[in-house]
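When reading the values below, keep in mind they use all heavy atoms of this one structure, side chains included, and skip hydrogens, waters and symmetry mates. Remember, predicted model here, so these are calculated numbers, not experimental data.
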Amino acid sequence: MNKTTIASLLSASLLLGAHAAAAQEELNALVWCDHTDPAFIEPFEKANNVKVNLKDYEGTGTALSIIEQSQPGDWDVFVVDGIDVPRVVEAGILAPLPEDALPTADLFPAIVMPENHVIDGKTYAVTEKFGYNTISYNKNNVDVADFQDIAVMWSEKYKGRIALYDYYLPMIGLVAISLGIETANIQESDLPAIREKLFAMKDVAKQVGEVVSSQTAIATGEVDILVGGGEWVTAGLTGELPHLDWVIPEQGAVRWSQSVGVFADSGKPDLALKLVQYILSPEGQARLATSSCYWAMPANSRAAEHLSDQQRAALRWDDQEKYLANAQLYPAPDAELDAKMQDIWTEFLQR
């Protein structure tokens, strides 16, 4: 075989390889950061010969802005705050999901949330992961007994040693709980009292930060307490930093959940549904629960089969029944009340 023939074959081989790569299907997913862990997404990509392009965001408002600036068909799979599913369905963003293709029977009953996910008899999203916005702390540097009372969030005893999570809904929810107001029943008339308590919280805090900076502050010892924290902050760190812990005070905490669905204008709905099914499978759930971005409880109870004893302990698997009973969902204000809450939070941040 001469050099010309070898060169021709090599060129043809490279072209075929390039064509195969170009022919690989792609999905575009708008997600929370836990889905970007290669250990979570690569098994699906390899099993389905697909490249999943992931864009992570924080806050439903940010996601809606991204969608508004996109072209129809740009996105296939959407991960969104569970309480915001009705809002995005009303906007025509999500398509109905075939219920017989979902592992509904394996999900923890308390987090199925049909009031949010089922609209006019059709299921538009499914809870994939959940946890709590509550209080995380360094148990070596605090009196652990103090954290049974939610009032520790305003404690002069820990002034300058507290970080606050920068997301208005769970923080307003925690303040409402401290005032004896149910998060589902917050009224405009409650806002002055909530505002006062928020500002008092800021007075004893050292800093306010988003997910990464909040985790970093407590992990490095910059602060000893994170209000708004929970298992999503400390569970994945307990192997290396066993002094970090979290608690739900006697008064309760706020429960968050994230849901997954398929975009109504996805050009690849069948493949998008496959990704949803993978996310909800026991294996996918275990990987998502222990993602490098943050840990939290999987929605599928069968994920326990794929988690170690240490991982289940860090997630407080055996305590979920009592935790769920003592946690309230994020506030779900209408547009007018939501705007007023955001105004208070903006004032809070600027204070």
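- Using a 3.5 Å distance cut-off with no hydrogens or angles, the side chains of Asp149 and Gln251 do pair a donor with an acceptor.
- Trp246 pairs with exactly one of Tyr323, Tyr137, Trp232 by the ring pair (Phe, Tyr, Trp, His ring centres under 6.0 Å) rule, that one being Tyr323.
- Taking a cutoff of 4.0 Å between a charged side-chain nitrogen and a carboxylate oxygen, Arg195 and Glu347 qualify as a salt bridge.
- Below 30°, between 30° and 60°, or above 60°: for Tyr278 and Phe40 the angle between ring planes is between 30° and 60°, a tilted geometry.
- Looking at Arg351 and Asp203, a side-chain N of the basic residue comes within less than 4.0 Å of a carboxylate O on the acidic one, giving a salt bridge.
- There is a side-chain donor-acceptor pair under 3.5 Å between His35 and Glu128.
- Side-chain contact, Asn53 with Glu26: a donor N or O sits under 3.5 Å from an acceptor N or O.
- Between the side chains of Asp34 and Gln258, at least one donor N or O sits under 3.5 Å from an acceptor N or O.
- A salt bridge links Asp146 to Lys157: at least one charged side-chain nitrogen sits closer than 4.0 Å to a carboxylate oxygen.
- Linking Ile, Leu, Val, Met, Phe, Trp and Tyr residues whenever their side-chain heavy atoms come within less than 4.5 Å leaves Leu280 and Met113 in two separate clusters.
- For Phe108 and Trp317, the ring centers sit closer than 6.0 Å to each other.
- Each of Val212 and Trp295 belongs to its own hydrophobic cluster when Ile, Leu, Val, Met, Phe, Trp and Tyr are linked at side-chain heavy-atom distances under 4.5 angstrom.
- In this structure, a donor-acceptor pair under 3.5 Å is absent between the side chains of Thr60 and Asp81.
- Donor-acceptor pairing under 3.5 Å is recorded for the side chains of Ser213 and Glu210.
- Geometric assessment of Lys139 against the ring of Phe147 yields a negative cation-pi assignment under the 6.0 Å and 45° thresholds.
- Looking only at atom types and distance, the side chain of Asp338 has a donor-acceptor partner in the side chain of Tyr168 under 3.5 Å away.
- The pair Arg302-Glu305 meets the salt-bridge criterion, with a side-chain N (NZ, NE, NH1 or NH2) lying under 4.0 Å from an Asp/Glu carboxylate O.
- Taken together through direct or relayed side-chain contacts under 4.5 Å among Ile, Leu, Val, Met, Phe, Trp and Tyr, Val254 and Leu329 form parts of separate hydrophobic clusters.
- Remark: aromatic rings of Tyr124 and His117 are distant, center separation not under 6.0 Å.
- The CG atom of Asp190 lies 9.0 Å from the CG atom of Asn185; values are rounded to the nearest 0.5 Å.
- Judged by a 6.0 Å distance limit and a 45° cone about the ring axis, Lys274 is not positioned over the six-membered ring of Phe44.
- Tyr330 and Asn133 share a donor-acceptor pair across their side chains, judged by distance under 3.5 Å alone.
- Between Glu188 and Lys340 there is a salt bridge, with a side-chain nitrogen of the basic residue lying less than 4.0 Å from a carboxylate oxygen of the acidic one.
- Leu198 and Val152 fall within a single hydrophobic cluster, where Ile, Leu, Val, Met, Phe, Trp and Tyr side chains are chained together by heavy-atom contacts under 4.5 Å.
- A continuous path of hydrophobic side-chain contacts links Leu169 to Ile194 [ILVMFWY only; heavy atoms under 4.5 Å].
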